[in-house]
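In what follows, a single structure is set out as C-alpha cells and then discussed.
Remember, predicted model here, so these are calculated numbers, not experimental data.
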Amino acid sequence: MSYKRVQTYFHQLHLADRIIDLKDSSATVELASKALGCQPQQIAKTLSFLIDEQPLLIVMAGDAKIDNKKYKQYFHKKAKMIPNELVESYIGHSPGGVCPFAVKDNVQIYLDISLQKLAYVYPAAGNDHSAIRLSYHELEECCHPQDWIDVCQ
C-alpha cells in the first residue's frame, strides 16, 4: 500500500508526525484545499507524464497549469500524461494520492518554480485522504528532484 510506504519513508526522515490524515477526500486541488483549509495554490499537485516510456512527475502549485510550449522546450517532447489506469503501475501511487515520495526507482521527479512563492505546501502522502505540510525547501530535500523547472503558466 502506497500510503504505508510514504509513512515509512517519512518516519525514517523523522517527519511522519507532519502527515495529515483527512476525513474528506484530497484527490483534487479543490477537495484538498477545502479539506485542509488552505488556499488552492498551497496544494502541491503532482502530475505524471511519460517520455518514451520514462515516467516522470512534475510537482507544481495547485493553481498552476502546464504550459505545453514550455514543457516541449524543456523536455523536447509533447506533454503526454500517463493514463489514469496505468499511473500506479508506472509511479507506485494511485491517482488522487500521487506524490513525489516513495515512488518506483525509475521515476524522475521535477519541481516547478511555481512552488517557490509559497512558504508551505501540501503534497499528497500516498492516498486520496492524506497530505503532508512541508516548506518548498523541505519538499526538495524529501523528494530529491532531477531539477527545478519552469513549465507552468
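You'll find the side chain of Lys34 stays beyond 4.5 Å of the side chain of Asp24, heavy atoms only. For the pair Ile109/Pro100, a side-chain contact is recorded, criterion being any heavy-atom separation below 4.5 Å from C-beta on. The shortest side-chain heavy-atom distance between Asn106 and Pro55 falls under the 4.5 Å cut-off. Side-chain contact between Ile113 and Gln116 is present, with at least one heavy-atom pair separated by less than 4.5 Å. Leu15 has its side chain within reach of Cys142: a pair of non-hydrogen atoms, C-beta onward, lies under 4.5 Å apart. Side-chain contact between Gln108 and Leu57 is absent, with no heavy atoms from C-beta onward closer than 4.5 Å.
Remark: the backbone N or O of Ile51 is not paired with any side-chain donor or acceptor of Gln54 at under 3.5 angstrom. Between the Tyr110 side chain and the Val151 main chain, no donor and acceptor come within less than 3.5 Å of each other. For His93 (side chain) and Phe101 (main-chain N/O), a donor-acceptor pair under 3.5 Å exists by modelled atom type. Proximity of a side-chain donor or acceptor of Ser114 to a complementary backbone N or O of Ala61 within less than 3.5 Å is detected. At least one donor-acceptor pair closer than 3.5 Å links the side chain of Ser2 to the backbone N or O of Gly126.
With hydrophobic clusters built from ILVMFWY side chains whose heavy atoms lie under 4.5 angstrom apart, Tyr120 does not share a cluster with Met60. Under the 4.5 Å side-chain heavy-atom criterion for ILVMFWY residues, a single connected hydrophobic cluster contains both Leu56 and Met81. There is no path of hydrophobic side-chain contacts, each under 4.5 Å, that joins Ile43 to Ile132. Note on Leu134 and Val6: same hydrophobic cluster, where clusters join Ile, Leu, Val, Met, Phe, Trp and Tyr whose side-chain heavy atoms are under 4.5 Å apart, directly or indirectly.
Pairs passing the side-chain hydrogen bond (donor to acceptor under 3.5 Å, both in side chains) check and including a residue from residues 68-79, sequence neighbours excluded, read Asp52-Lys77, Lys70-Asp150, Tyr74-Asp147.
Ion pairing between Glu138 and Arg18 holds under the 4.0 Å rule for side-chain N and carboxylate O.
Within the model, atoms CD of Gln39 and OG of Ser33 stand 7.5 Å from one another, a figure rounded to the nearest 0.5 Å. To the nearest 0.5 Å, atoms CG (Leu22) and OG (Ser130) are separated by 7.0 Å. Taking CH2 of Trp148 as the reference point, atom CG of Leu115 lies at 5.0 Å (rounded to 0.5 Å). Here the OH-CD distance, from Tyr122 to Gln42, works out to 6.0 Å after rounding to the nearest 0.5 Å. Note: Leu86 CG to Ser48 OG = 9.5 Å, rounded to the nearest 0.5 Å. Taking CZ from Phe49 and CD1 from Ile82, the interatomic distance works out to 9.0 Å, rounded to the nearest 0.5 Å.
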Next item on the list: Kindly determine whether Gln41 and Leu118 satisfy side-chain contact (heavy atoms from CB on, under 4.5 Å), including the steps that lead there.
Entry: CA-CA 8 Å; Gln41 66 265 22; Leu118 303 162; 3.8 Å; yes
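Between Tyr3 and Asp128, the side chains place no donor N or O within less than 3.5 Å of an acceptor N or O (distance only, hydrogens not considered).
Counting heavy-atom neighbours within 6.0 Å of Lys104 NZ, excluding the residue itself, gives a total above 12.
Heavy-atom minimum distance, Ser94 versus Glu88: OG-OE1, 3.0 Å. Nearest heavy-atom pair across Cys99 and Thr46 is CA-OG1, 3.9 Å. Contact between Leu31 and Thr28 at its shortest, heavy atoms only, is N-OG1, 3.1 Å.
Each of Asp112, Leu47, Val98, Leu139 was evaluated against Val59; a single residue qualifies, Leu139, per the side-chain contact (heavy atoms from CB on, under 4.5 Å) test.
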